[in-house]
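Below is one structure, written out as structure tokens, with a few remarks after it.
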Amino acid sequence: MLQITGLTHSYSDGHVAIDSLDLTVADGELLSIVGPSGCGKSTLLRCIAGLIRPTGGRITLNGAAVDGVPDDLAVVFQDYSRSLFPWLTVRDNVALPLRRRGKSRAERRAAAQEALESVGLPDAGRKYPWQLSGGMQQRVSIARALAYRPSLLLMDEPFGSVDAQTREDLEDLVLQVHRAEKMTILLVTHDIDESVYVGDRVVVLNRSPARVHADLPVTLSADRDQIETRGLPEFVRLRAEVGRLVRGGARIPGAVPAGAAGGILKSDIRHQKGVGPDTMADSESGGTRPTR
Amino acid sequence: MSALRLGRGLIERVWLVAVAVAAWEIVTRRVGETYFPPPSTIVKALREQWFSGPASALFLSDKALDDFSASLAHLFVGWAAAGVAGVALGAAIGRSRVLHDLLDPVLQFLRAVPPPTLVPFFIMVFHIGATMQIVTIAFGVVWPVLLNTSDGVRGVDALQLETARVFGVGRFRRLFQVILPAAAPKIFAGLRVALSFALILMVISELVGSTEGIGSELIGAQRAFELPRMWAGIVMLGILGFLFNALFMLLERRLLRWHAGAKRLAG
């Protein structure tokens, strides 16, 4: 179980990214975190991953306080082209973190191959990441995380830089992985449709500083289908509600407008590659979804 | 078909060289100036000097084996020592802000000192011979490697480092499997510059302080006023420089295949 109490983080330039945020994620839950661009989502995720030491509050994972990167945690970053190492083959990329698990070379290779098969890339092992398409590279990142066998998987806008069709395939892959591996998954996204489609529960964050604005259970069946589920009245209702909440969260009085915030906003933008609030409005109305 | 294309490519690349050599030959023969022997005379001297050996030794004469092995051993020992020291120090400086701020002014000064000016000092300390030559080469060529490494290491993508941390890649493996490979394109650029510097410094150190090697042969020929022999030395050094660079590029292209591939895709 992941427990966050009173989490606060302000950067050295005085910008407050997160302000006393409380959140509990049960084991095996798939939680979507959605919020406007630059609302501190990435900061939250980096705090949970132990990459940033928050200035206040407490994070515990399975009862142990997070101090440095937890052992059984993996992250899938949005920018696969930078988070996969181009000098290693796909198989070596997936196998690299496994040495720490005390496995032999043959076991590491077998585990990497198995993970690649589970994401639908059985023949990619000998290739280099840059020889694959964007969607395939992100599958490799997911395979790397799966092979690591974490109890908590963090995904930081994982499908922000792939095309719409690939994005749907990858969303289904996450659902399939979640069902098969029963791991806890935290998916950070700015896409309202995606947050509802993938999540068991959706947490909406305020615009910077991040706070939990709303926490909604997703009352859809576990079996989801891109066409059917998205047509259900319940899905449409949830999407509209999350959309209203995100918009509301973006307009709280005194909130920092987009573009004026400090360091965190910059890094958020870098991770989103120009997918901003305007495309978000599109996805809210059920129209085209952000592509690269 | 592809042999034909290869042949055409070769002709396109070398025709100007052939024309230039022919023009050189004609002009030098016409003028008949002692200081400028025609290329054919230089080639003859080159052959007598170093390439009169048996085919089994690639036509290298005993003298060639002596001269080349002395020169090249110094060059490669000096270059390799500078490479190892440059990468190690450069990585340390690139990883540590404190070390960088502390050492940067000193390094910038040392780098600015033209290495040949230190030859008299090195002769005094190490006397004439192999040690002094190797030290001259190593000291002179360490800077491009060191500065490029520190630059490359500092420029490693933050996301790559975060990825390594998240997946529990330990300090040692992080250095050798993430940081140094990521900096490798810059390190190789430094090593390549260092290699051509090393050839220059090898010759300089042989000109002033050696009794063996190609440089000392060159200065000996000049003192004996045997100009074709002197020119042969100059041409030989040009050939060596060209060969080293070509070999290094070949190696670099092999080892950094991923870099070229990833870059082509991004661009």
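Quick caveat: nothing in here was measured; it's all calculated off a predicted structure.
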- Check against side chain to side chain contact (heavy atoms under 4.5 Å, CB included), K263(B) and W130(A): CA-CA 9 Å; K263(B) 217 170 50 187; W130(A) 38 268; over 6 Å; no
Side-chain contact test, heavy atoms from C-beta onward, threshold under 4.5 Å: evaluate it for [X] versus [Y] and give yes or no.
{"X": "P86(A)", "Y": "Q160(B)", "result": "yes"}
{"X": "T163(B)", "Y": "F85(A)", "result": "yes"}
{"X": "W87(A)", "Y": "H259(B)", "result": "no"}

- Query: If you tally heavy-atom pairs under 4.5 Å against chain B, which of D92(A), V75(A), L51(A), V69(A) wins?
  - Reply: L51(A)
- Note on the structure: Heaviest contributor of heavy-atom pairs below 4.5 Å to chain B, chosen from D71(A), L96(A), L73(A), is L96(A)
- Task: Find the distance between CH2 (W258(B)) and OG1 (T89(A)) and round it off to the nearest 0.5 Å.
- Result: 13.5 Å
- Query: When rounded to the nearest 0.5 angstrom, what distance separates CG in L161(B) from OG in S83(A)?
  - Reply: 12.0 Å
- F77(A) to V166(B) - nearest heavy-atom pair and separation: CZ-CG2, 4.4 Å
- Task: Considering only heavy atoms, give the residues of residues 168-184 of chain B separated from chain A by less than 4.5 Å, sorted numerically, with 'none' for an empty result.
- Result: G168(B), V169(B), R173(B), Q177(B), V178(B), P181(B), A182(B)
- Ordered numerically, the heavy-atom neighbours of chain A under 4.5 Å found in residues 186-200 of chain B are none
- Item | Over 12 non-hydrogen atoms of neighbours within 6.0 angstrom of CD in E114(A) | no
